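A short worksheet on the structure shown next.
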Amino acid sequence: MSTDQSTPRVPDVENPQPTMPLTEDIRPGTANDPPVEIVERDRTADADRAATLTVDGESVTVSAESTLLDATEAIDTDDYVPALCSYDDHDEIGPRSECRTCMVETEEHGVVPSCSFPAEDGMTVRTDTTEASEARDVNLDLLLSNHNLRCTTCGKNGRCELQDVSIENDVAEPRYGVFDERDAYEPLDDSSPFIQIDRNKCILCNRCVEACNDVQVEGVLRIEGSGEDTRIGFQNDAETMMDSTCVSCGHCATVCPTGALVEQGLTDAATIPAPGFTQKNSIGKTVEAENDRFQPGQATPMKGDQGDESAAEPTAESPATEDD
């Protein structure tokens, strides 16, 4: 028997873990973000490092790691301060400072985003100044200008954070209009049996990307493109959710503040019945699922195909149907 014949490699028992991080190949801006520090919210602890500041004339004491948003949420502010892209940092998503709907005015630094600006001892913060209020309103209207506002046919109707903020701010007619060019709509991605994606409702808050990469450590979603072409995409360059490496955990849909990502069982949960008018035909184009590619119990077809080059190539392009 030849001694040159190679034998299977046996892992080092003393160091069985991979030396490189699992997210080595994940593109920048997603899972390679530095980890979000878990902030302790116990304001009675670590009193020596606490910051005392004034918000709308009221003295507020918060822990040293807190943000101005934490301070505004500790009292009843004079003006409503939303924060659409911010999320509970105990879930390691934390402030994103993307939407800028949380602007407040400080005596020391001018108008700043409260979700990411650290609370400093002695600061004076106002939520009701003209500059702060106008900044919040303009940024909210900018978000709405890139949204189709088809709320009555949306599965998140009545439980949508963007809708709630718009109602709270008495938005009757966004100053920049809304996204209404039906021919320019992205197709509704209905290819996955678990998650539906409607990019026409996405506000690019990045919550879903953070949840997918930094919390679930699956490395499926990413922000791709630039400028007006910026969109939610997939790390493996797939065009549809079905062709991605999604494990169908649903965390992305849980943290989405709009109807951009919705679990399939809830896509029609809150729509207002209107004969002949549905979410799909209001969009116009839908990428449908290919039933022969989905097997019950097999949540992630492409995830199982990873490492199998013969299965990595899509078997066929997903068909698109046009109802417009």
Side-chain angles (χ1 to χ4, degrees), residues 29-31 33 36 82-102 115 139-140 142-144 146-168 179 185-225 230-235 238 240-242 244-271 279-280 283 286-287:
T30 55
D33 284 352
V36 175
L84 282 169
C85 69
S86 181
Y87 199 75
D88 185 356
D89 54 7
H90 283 275
D91 282 342
E92 299 184 33
I93 295 177
R96 300 301 310 164
S97 200
E98 301 279 356
C99 70
R100 303 296 175 117
T101 57
C102 64
C115 73
N139 290 330
L140 176 59
L142 286 171
L143 292 179
L144 293 172
N146 201 33
H147 192 281
N148 64 23
L149 290 188
R150 295 181 182 275
C151 300
T152 56
T153 62
C154 180
K156 292 287 284 291
N157 185 30
R159 52 192 181 93
C160 167
E161 293 180 42
L162 179 61
Q163 186 183 42
D164 291 344
V165 169
S166 300
I167 293 172
E168 189 71 30
F179 185 48
Y185 280 2
E186 286 219 43
L188 184 73
D189 184 353
D190 202 34
S191 63
S192 165
F194 299 99
I195 304 293
Q196 182 188 81
I197 303 180
D198 184 353
R199 294 183 175 86
N200 306 298
K201 298 172 182 173
C202 178
I203 61 172
L204 298 175
C205 67
N206 217 36
R207 283 189 190 180
C208 60
V209 176
E210 293 290 312
C212 180
N213 297 326
D214 288 348
V215 181
Q216 298 298 331
V217 201
E218 288 298 336
V220 177
L221 299 176
R222 67 186 174 101
I223 297 290
E224 63 182 17
T230 305
R231 68 201 288 268
I232 297 297
F234 304 103
Q235 292 282 348
T240 67
M241 181 64 97
M242 189 63 172
S244 75
T245 55
C246 175
V247 298
S248 308
C249 70
H251 201 163
C252 58
T254 301
V255 301
C256 178
T258 71
L261 291 140
V262 181
E263 295 178 16
Q264 285 287 8
L266 300 175
T267 54
D268 297 324
T271 57
Q279 174 67 10
K280 290 184 180 179
I283 296 297
T286 303
V287 179

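Keep in mind that the numbers below use all heavy atoms, side chains included, and drop hydrogens, waters and symmetry copies. The first residue of the sequence shown is numbered 1, and numbering continues consecutively from there. Keep in mind the model is a prediction, meaning the values are calculated, not measured.
No donor-acceptor pair closer than 3.5 Å links the side chain of T258 to the backbone N or O of L162. Between the side chain of Q235 and the main chain of R222, no donor-acceptor pair closer than 3.5 Å is present. In this structure, N213 contributes its side chain and V209 its backbone to a donor-acceptor pair below 3.5 Å. T101 contributes a side-chain N or O that, together with a main-chain N or O of L84, makes up a donor-acceptor pair within less than 3.5 Å. N200 places no side-chain N or O within donor-acceptor distance of the main-chain N or O of N148, the cut-off being under 3.5 Å.
For E168, the salt bridge (charged side-chain N to carboxylate O under 4.0 Å, His left out) criterion is met by no residue, not counting sequence neighbours. Take K201 and apply the salt bridge (charged side-chain N to carboxylate O under 4.0 Å, His left out) test, not counting sequence neighbours, and it matches D198. Residues passing the salt bridge (charged side-chain N to carboxylate O under 4.0 Å, His left out) test with R231 are E186, E224, sequence neighbours excluded. By the side chain to side chain contact (heavy atoms under 4.5 Å, CB included) test, C202 pairs with L204, I232, A260, sequence neighbours left out. Partners of E161 by salt bridge (charged side-chain N to carboxylate O under 4.0 Å, His left out), not counting sequence neighbours, listed by chain and number: R207. Legend: residues meeting side chain to side chain contact (heavy atoms under 4.5 Å, CB included) with C212, ordered by chain and number and at least two apart, are E218, V220, L221.
Heavy atoms only, all atoms of each residue included: G219 and T245 are closest at O-OG1, 4.4 Å. Closest of all the heavy-atom pairs between M241 and S191 is N-OG, 3.5 Å. Across all their heavy atoms, G259 and K156 have their closest contact at CA-CG, 3.5 Å. Here the closest non-hydrogen pair linking C85 and E98 is SG-N, 3.2 Å. Considering every non-hydrogen atom in both Q216 and C249, the closest pair reads CG-SG, 3.7 Å. Here the closest heavy-atom approach between residue A238 and residue F234 is recorded as O-CD1, 3.1 Å.
Side-chain contact between R100 and C115: absent, with no pair of heavy atoms (C-beta onward) separated by less than 4.5 Å. C99 is not listed as a side-chain neighbour of C205, based on a closest heavy-atom distance of 4.5 Å or more.
One distance of note links OG of S97 with CG of N206; it measures 11.5 Å at 0.5 Å rounding. In this structure, OG in S166 is found 4.5 Å from CG in L144, a value given to the nearest 0.5 Å. Between the SG atom of C154 and the CZ atom of R159 there is a distance of 8.0 Å, given to the nearest 0.5 Å.
For the side-chain hydrogen bond (donor to acceptor under 3.5 Å, both in side chains) with Q196, the lone residue among D189, T267, D190 that qualifies is D190.
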